[in-house]
Amino acid sequence: MSICPNESDLSAWIDGELSERERSTIESHIAHCESCSKIIQEFEQLRHTLHLDIYYHPDEPDEISITSSDNTSRWKVFFKKYSQSLVGIPAAIGFGFILASALALMPNQRAESNQFTYSNTSQSYTETSLPQSLSLAMRSELINEIYSKEPIRITIPSSHSVNLKSHGNPHFTTDTELLRDIVR
Amino acid sequence: MNMRLSSILLTSVFCIAGLSLYAQDTGENEIETFLEEHTIVSCKIVTKIVSNTEEILWSVESKRVTISGKSIDVVLEGDDITIEATFTPYLQEDGSIFLIAIGEVFIGKLGQQGVEYASSFRSLPVEKGERFLFFPLGLALDENTNMYSIEMELTMLPYTELLGETE
């Protein structure tokens, strides 16, 4: 007579979680071992009490039959069958949530680094805020325009180009200065 | 297996949702932070060709927004003339603008011999809305010659004030 398998192996046998070889070893053992048969009976009774009327059918290794029409049991069976996969769903939700939260927090840090980047050019003003009516798209467009590297390109019509001749050095002035010069 | 596939798909959906949320949030936050930190200045540039009798023969208006320290570049191209102007406003705490302007003029075909070059540089404080003028071909016009002049007129206003004007 072979050594009795432990209870977890017997439970695994009931659940159909054993390999073909392990299964046949246990089956050949319990065929002539009273104590193990008794343990198995107890397990089955316990399962029955818990409405988990699942019995393993060695002929259909991948199937589990449901012998009760109880809906609760069906859900339990379903859960048991897919428990490994179902773990993935809350895990996925959790992962997605954590990822979203973590990434949502990042811009604040980036904004802080922007402060440093722009510190050489920024000034503090009271009139900085733009009206809320300005849509995000418009705001975004504004920034794109600010950082546009494209110069403003203007083409002078040929008809006017011909008469353009230099008559002095390039000169910058303001209205006020110009008026002052004229007065002088 | 189907459930595993569903789990993978669900994970992907959440990742995509998370990333899009991140992208949107990043965009919004960055824009808001940027706009809070900077005063946006709107520049109106009117380029004119004026005859020796002060008649405006041709005019074009351009607009561009910028922030303190960020230049606005203008390239004016004609048949035998290229004018490049760079205007950099620096906003002062009293609300005035300190402007740095650089002008370069190339007369002749670029890349060929005999191109005349002239440049000018100016830095001065200007008031909001005050007209800043650039005469790339010089200021003095001889009324007896049939020559045209170019005027570039720059006006700067805080963007918020400009919005108030349009509303």
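Letters A, B, ... are given to chains in the order of the sequence lines, protein chains preceding strands, and every chain is numbered from 1. Just so you know, these numbers use all the heavy atoms, side chains as well, and skip hydrogens, waters and symmetry mates.
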**OP:** List the atom of A/Thr173, the atom of B/Phe135, and the distance in Å for their closest heavy-atom pair.
**Re:** CG2-CE1, 3.7 Å
Subject >> Rounded distance (nearest 0.5 Å) linking atom CD1 of B/Ile100 with atom CZ of A/Phe172 >> reply: 11.5 Å
Original post:
When rounded to the nearest 0.5 angstrom, what distance separates CD1 in B/Ile81 from CG in A/Leu164?
Top reply: 5.0 Å
**OP:** To the nearest 0.5 angstrom, please state how far the CD1 atom of B/Ile83 sits from the CD1 atom of A/Ile156.
**Re:** 5.0 Å
Original post:
If Ile, Leu, Val, Met, Phe, Trp and Tyr residues are connected whenever their side-chain heavy atoms lie under 4.5 Å apart, and connections chain through other members, are B/Phe98 and B/Phe121 in the same group?
Top reply: yes
**OP:** Looking only at non-hydrogen atoms, find the nearest pair between B/Trp58 and A/Ile154 and report the distance.
**Re:** CH2-CG2, 3.5 Å
**OP:** Tell me, for B/Leu154 versus chain A, whether the close heavy atoms (under 4.5 Å) come from the side chain, the backbone, both or neither.
**Re:** neither
Subject >> Residue pair A/Thr176 / B/Glu130, side-chain donor-acceptor N/O under 3.5 Å >> reply: yes
Original post:
Side chains of B/Leu124 and A/Glu177: closer than 4.5 Å at any heavy-atom pair?
Top reply: yes
Subject >> Which portion of B/Leu99 sits near chain A, non-hydrogen atoms under 4.5 angstrom >> reply: neither
Original post:
So, do B/Arg64 and A/Ser148 sit near enough that their side-chain heavy atoms are less than 4.5 Å apart?
Top reply: yes
**OP:** Identify whether B/Val75 and B/Ile107 are in the same connected component of the hydrophobic contact network (ILVMFWY, side-chain heavy atoms under 4.5 Å).
**Re:** no
Subject >> A/Pro170 versus B/Phe134, closest heavy-atom pair with distance >> reply: CB-CE1, 3.8 Å
Original post:
Quick one: side-chain contact (heavy atoms from CB on, under 4.5 Å) partners of B/Asp80, sequence neighbours excluded?
Top reply: B/Lys109
**OP:** Could you tell me which portion of B/Ser12 (side chain, backbone, both or neither) has an atom closer than 4.5 angstrom to a non-hydrogen atom of chain A?
**Re:** neither
**OP:** Flag yes if B/Tyr148 and B/Val60 sit in one hydrophobic cluster, no otherwise; membership is Ile, Leu, Val, Met, Phe, Trp, Tyr, and two members link when side-chain heavy atoms are under 4.5 Å apart.
**Re:** yes
Original post:
What part of B/Val126 is in contact with chain A, defined as an atom under 4.5 angstrom from a non-hydrogen atom: side chain, backbone, both or neither?
Top reply: side chain
**OP:** Let me know if B/Ile49 has heavy atoms under 4.5 Å from chain A in its side chain, its backbone, both or neither.
**Re:** side chain
Original post:
Measuring from B/Glu61:CD to A/Ile152:CD1, what's the distance to the nearest 0.5 Å?
Top reply: 11.0 Å
Subject >> Part of B/Leu133 lying under 4.5 Å from any heavy atom of chain A >> reply: both
Subject >> B/Phe87, part contacting chain A, at a heavy-atom distance under 4.5 Å >> reply: side chain
Original post:
Roughly how far, to the nearest 0.5 Å, is OG1 of A/Thr174 from CZ of B/Arg122?
Top reply: 7.0 Å
Original post:
Which atoms form the tightest heavy-atom contact between B/Lys70 and A/Ile146, and what is the distance?
Top reply: CE-O, 3.2 Å
Original post:
Can you find a pair of side-chain heavy atoms, one from A/Ser166 and one from B/Val105, that are under 4.5 Å apart?
Top reply: no
Original post:
Quick check: are there more than 12 heavy atoms from other residues, nucleotides or ligands sitting under 6.0 Å from CD1 of B/Ile56?
Top reply: no
Original post:
Between atom NZ of B/Lys48 and atom NE2 of A/His160, what is the distance when rounded to the nearest 0.5 Å?
Top reply: 14.0 Å
